[in-house]
Amino acid sequence: MRPLPTFRQLILLLALGCVLPMAGLALGLVAYEYQRDRHQEEQHAVATARALIAGVDDRLEGVQRTLQGLANSPALAADDLGRLSDEAQAFVRTEQVRSVVLLDGDGRQLLNTKLPDGQALPADPLPGIREAVQGEGLKVLDLFRSLVSGRYVAGVGLPLPGGRTLAATLDPDSLREMLVRQKLPPSWIAAVLDRSGRIAARTHEHERFLGTLARPALVARIQQTPEDAVESTTVDGVPVVSAFSRSDRSGWSVVIGIPRTELVAPIVRTSAVLLAGTAAVLVLTLWLGWRLARSLSESVEALGSAVRATGHGAPVELPPAAFQEAQQLGQALLHASAEVQDATAAQRRLLARLQGVLDTAIDGIVTADARGRIVLFNRAAEAMFRLPQEDALGRDVESLLPPAARAGHRRLREQLTPDHVRQMAAGRIVEGLRSDGRAFRAQASISVSEEDGERLYTVILRPVRDVTRP
């Protein structure tokens with residue numbers, strides 16, 4: 001049979017059942033708050049990236065508009081490159097661009113404000129210029145290496161009649177300054193990417209990663225959707241959530257990387273505090289539960305001892321109750337104990353009267369149980385068998401018969417039923433055996449009764465006078 005749980009086990013289980021679900025609910029709320037805060041942080045970063053790329057576009061469009069004015073210069077129409085160079089130098093100072101370049105239809109340089117007058121221009125053409133300046137809208141050149149300085153530069157182009165192109169190049173440092181002016185958190189990493197995914201500006205280690213391709217998975221995602229926030233890794237191996245916005249005007253993008261450790265840190269701190277608090281509450285609850293369970297157990301054990309004392313007829317002494325129900329049970333136990341004592345006293349008085357009646361009877365009365373053990377032996381039976389009552393109780397009833405009659409009497413007793421008793425003649429003569437070994441004859445009347453489901457045999461004996469003896 002499976003053992004039943006104790007008070008301590010039940011109360012400890014109750015404590016665990018109360019504390020642990022609440023802790024789980026709290027952790028769930030923390031996780032929900034984390035997801036909500038993270039989503040808000042990501043959306044804020046996307047909005048910041050959108051504002052930054054809009055600023056980059058405005059800067060590039062401003063250069064393009066001013067370049068359009070230079071394209072309308074009479075010096076350009078007259079093909080006066082000297083005067084055009086002076087006007088371009090003023091344009092460079094006003095717009096704070098790196099240089100102004102005039103290219104022929106094959107992409108070879110006809111004018112470059114970065115070179116002094118008279119210095120030979122690079123002979124190598126710049127590939128892809130004609131394709132970059134075709135169509136409507138902002139015509140931005142992807143990041144390329146300058147043939148003069150060998151550094152990466154960005155550019156804005158403008159197609160001219162006759163297949164020529166007027167372009168202005170920008171130093172990537174100016175784009176980085178726009179990112180820095182945003183005053184992002186120091187741990188955030190922002191970058192400007194051209195259409196091909198090359199880094200045109202970066203807040204962290206700008207010179208080291210200038211011109212480096214961003215992670216292919218991130219570049220592919222930027223080409224798929226204009227705005228999003230995805231988990232990725234920076235080019236220097238930092239796990240981040242990258243929030244980006246791609247411009248419909250230039251095709252360039254701004255990416256803001258938020259370190260994942262920074263996003264996870266709040267939930268880690270909150271969870272640690274919550275778990276520590278839960279552990280403290282759980283320990284306190286278990287301690288209080290243990291104290292309460294011990295108090296309940298002691299009360300119940302004391303009541304159990306009182307119940308056992310009641311069963312033995314001993315006086316009941318109730319301990320101080322630890323809870324109201326125990327006090328009520330103790331009062332009920334006192335009442336039951338008083339009733340038991342009253343019933344016991346009444347039973348003793350009844351037995352005393354019955355014993356008095358039996359002891360005054362002139363006939364011997366012997367009662368045996370179903371196993372043949374003597375359970376009642378009155379004084380008349382003592383005198384008849386010359387056997388004290390204390391010696392007779394518990395003996396086999398067949399020991400009161402001569403040895404030759406014992407086996408037959410045992411069989412008869414085992415087969416005896418109330419019907420057999422009614423069929424037997426009353427007052428039949430039996431032979432008994434005294435303790436001194438002498439036999440005697442007596443009239444015997446037998447009855448069969450049941451007490452608590454157990455059969456009892458009662459024999460009433462009256463000695464038969466032996467007329468042959470003087």
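Owing to the predicted nature of the structure, the values given are computational and were not obtained by experimental measurement. Numbers for residues simply follow the sequence, beginning at 1. Just so it is clear, the values below take in all heavy atoms, side chains as well, and ignore hydrogens, waters and symmetry mates.
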*Asks:* Can you tell me if Glu262 has over 12 outside heavy atoms packed within less than 6.0 Å of its CD?
*Replies:* yes
*Asks:* Between Ser253 and Arg246, which heavy-atom pair has the shortest distance, and what is it?
*Replies:* OG-CB, 3.5 Å
*Asks:* Test: salt bridge (Lys or Arg N to Asp or Glu O under 4.0 Å). Region: residues 216-227. Which pairs qualify, not counting sequence neighbours?
*Replies:* Arg50-Glu227, Arg221-Asp228
*Asks:* What do the steps show when you test Val366 against Tyr457 for side-chain contact (heavy atoms from CB on, under 4.5 Å), and what is the final call?
*Replies:* CA-CA 8 Å; Val366 179; Tyr457 305 93; over 6 Å; no
*Asks:* With a sphere of 6.0 Å drawn around CZ of Arg462, does it hold more than 12 non-hydrogen atoms of other residues, nucleotides or ligands?
*Replies:* no
*Asks:* Are any non-hydrogen side-chain atoms of Leu400 and Leu387 less than 4.5 angstrom apart?
*Replies:* yes
*Asks:* For Val140 and Ser250, which heavy atoms make the closest approach, and how far apart are they?
*Replies:* CG2-CB, 3.9 Å
*Asks:* Apply salt bridge (charged side-chain N to carboxylate O under 4.0 Å, His left out) to Arg202 and list each qualifying residue two or more places apart in sequence or on a separate chain.
*Replies:* Asp236
*Asks:* For the atom pair OG1 (Thr367) and CD1 (Ile446), what is the distance rounded to the nearest 0.5 Å?
*Replies:* 10.0 Å
*Asks:* How far apart are the closest heavy atoms of Leu210 and Ala200, and which atoms are they?
*Replies:* CD1-O, 3.4 Å
*Asks:* Who pairs with Arg379 by salt bridge (charged side-chain N to carboxylate O under 4.0 Å, His left out), at least two apart in sequence or on another chain?
*Replies:* Asp359
*Asks:* Kindly write out the residues that satisfy side-chain hydrogen bond (donor to acceptor under 3.5 Å, both in side chains) with Arg151, not counting sequence neighbours, or none if the list is empty.
*Replies:* none
*Asks:* State, with a plain yes or no, whether a side-chain heavy atom of Arg36 is found less than 4.5 Å away from one of His39.
*Replies:* no
*Asks:* Flag the pair Val254 / Val192 as yes when at least one side-chain heavy-atom distance between them is below 4.5 Å, and no otherwise.
*Replies:* yes
*Asks:* List for me each residue that meets side-chain hydrogen bond (donor to acceptor under 3.5 Å, both in side chains) alongside Ser435, sequence neighbours excluded, and say none if there are none.
*Replies:* none
*Asks:* For Asp363 and Ile460, indicate whether the former's side chain and the latter's backbone hold a donor-acceptor pair under 3.5 Å.
*Replies:* no
*Asks:* Is the Lys NZ or Arg CZ of Arg145 less than 6.0 Å from the centre of Tyr152's six-membered ring, within 45° of the axis?
*Replies:* yes
*Asks:* So Phe377 and Phe385, would you call those rings parallel, tilted or perpendicular, with 30° and 60° as cut-offs?
*Replies:* tilted
*Asks:* I need the minimum non-hydrogen distance between Ile256 and Ala45, along with the two atoms involved.
*Replies:* CD1-O, 3.6 Å
*Asks:* side-chain contact (heavy atoms from CB on, under 4.5 Å) with Val255: which of Thr234, Leu218, Val230?
*Replies:* Leu218
*Asks:* Are side-chain heavy atoms of Met178 and Gln182 found at a separation under 4.5 Å?
*Replies:* no
*Asks:* Can you sort out the partners of Pro239 under side-chain contact (heavy atoms from CB on, under 4.5 Å), two or more places apart, ordered by chain and number?
*Replies:* Arg260
*Asks:* Can you name the one residue among Ile199, Leu193, Asp194 that meets side-chain contact (heavy atoms from CB on, under 4.5 Å) with Leu143?
*Replies:* Asp194
*Asks:* Find the distance between CD1 (Ile365) and CG (Asn378) and round it off to the nearest 0.5 Å.
*Replies:* 4.5 Å
*Asks:* Indicate the atoms forming the closest heavy-atom contact of Ser245 with Ala49, along with that distance.
*Replies:* CB-C, 3.8 Å
*Asks:* How long is the span from the CZ atom in Arg249 to the CG atom in Asp57, to the nearest 0.5 Å?
*Replies:* 4.0 Å
*Asks:* Is Arg434 salt-bridged to Asp436, cutoff N-O under 4.0 Å?
*Replies:* no
*Asks:* Quick one: pull up NE2 in His409 and CD in Glu398 and give me the separation to the nearest 0.5 Å.
*Replies:* 5.5 Å
*Asks:* Tell me, please, which residues at least two apart from His44 pass side-chain contact (heavy atoms from CB on, under 4.5 Å).
*Replies:* Thr48, Trp188
*Asks:* Hey, could you give me the CG/CZ distance between Leu213 and Arg198, rounded to the nearest 0.5 Å?
*Replies:* 4.5 Å
*Asks:* Just wondering, do Thr169 and Leu141 contact through their side chains at under 4.5 Å, heavy atoms?
*Replies:* no
*Asks:* Are side-chain heavy atoms of Phe209 and Ile189 found at a separation under 4.5 Å?
*Replies:* no
*Asks:* Name the atoms and distances for all side-chain donor-acceptor pairs under 3.5 Å in residues 368-376, with sequence neighbours left out.
*Replies:*
| residue | atom | partner | partner atom | Å |
| --- | --- | --- | --- | --- |
| Asp369 | OD1 | Arg371 | N | 3.0 |
| Asp369 | OD1 | Gly372 | N | 3.1 |
| Asp369 | OD1 | Arg373 | N | 2.8 |
| Arg373 | NH1 | Gly394 | O | 3.4 |
| Arg373 | NH1 | Asp396 | OD1 | 3.1 |

*Asks:* Is a side-chain donor or acceptor of His204 paired with a backbone partner of Ala191 at a separation under 3.5 angstrom?
*Replies:* no
*Asks:* Go through it in stages, so that I can follow the logic: the residues are Asp171 and Arg176, the test is salt bridge (Lys or Arg N to Asp or Glu O under 4.0 Å), and I'd like the CA-CA distance, side-chain angles, deciding distance and then a yes or no.
*Replies:* CA-CA 9 Å; Asp171 195 327; Arg176 180 181 180 275; over 6 Å; no
*Asks:* To the nearest 0.5 angstrom, please state how far the OG atom of Ser242 sits from the CD1 atom of Ile222.
*Replies:* 8.0 Å
*Asks:* Tell me, please, which residues at least two apart from Asp248 pass side-chain hydrogen bond (donor to acceptor under 3.5 Å, both in side chains).
*Replies:* none
*Asks:* Apply side-chain hydrogen bond (donor to acceptor under 3.5 Å, both in side chains) to Arg181 and list each qualifying residue two or more places apart in sequence or on a separate chain.
*Replies:* none
*Asks:* Quick check: closest heavy atoms across Pro172 and Ala201, and the distance to 0.1 Å?
*Replies:* O-CB, 3.9 Å
*Asks:* Assess whether side-chain contact (heavy atoms from CB on, under 4.5 Å) is satisfied between Leu401 and Val430, documenting all intermediate values.
*Replies:* CA-CA 9 Å; Leu401 301 176; Val430 299; 5.6 Å; no
*Asks:* Glu431 versus Pro402: any side-chain heavy-atom pair under 4.5 Å?
*Replies:* yes
*Asks:* For the backbone of Val464 and the side chain of Arg441, can you confirm whether one donor and one acceptor N or O come within less than 3.5 Å of each other?
*Replies:* no
*Asks:* Not counting sequence neighbours, which residues clear salt bridge (charged side-chain N to carboxylate O under 4.0 Å, His left out) with Glu41? List them please.
*Replies:* none
*Asks:* Check whether any side-chain N or O of Thr203 sits under 3.5 Å from a backbone N or O of Ala190 as a donor-acceptor pair, and report yes or no.
*Replies:* yes
*Asks:* Tell me, please, which residues at least two apart from Arg38 pass salt bridge (charged side-chain N to carboxylate O under 4.0 Å, His left out).
*Replies:* Glu42, Glu231
*Asks:* Should Ile429 and Gln443 count as side-chain neighbours, where that means a heavy-atom distance under 4.5 Å?
*Replies:* yes
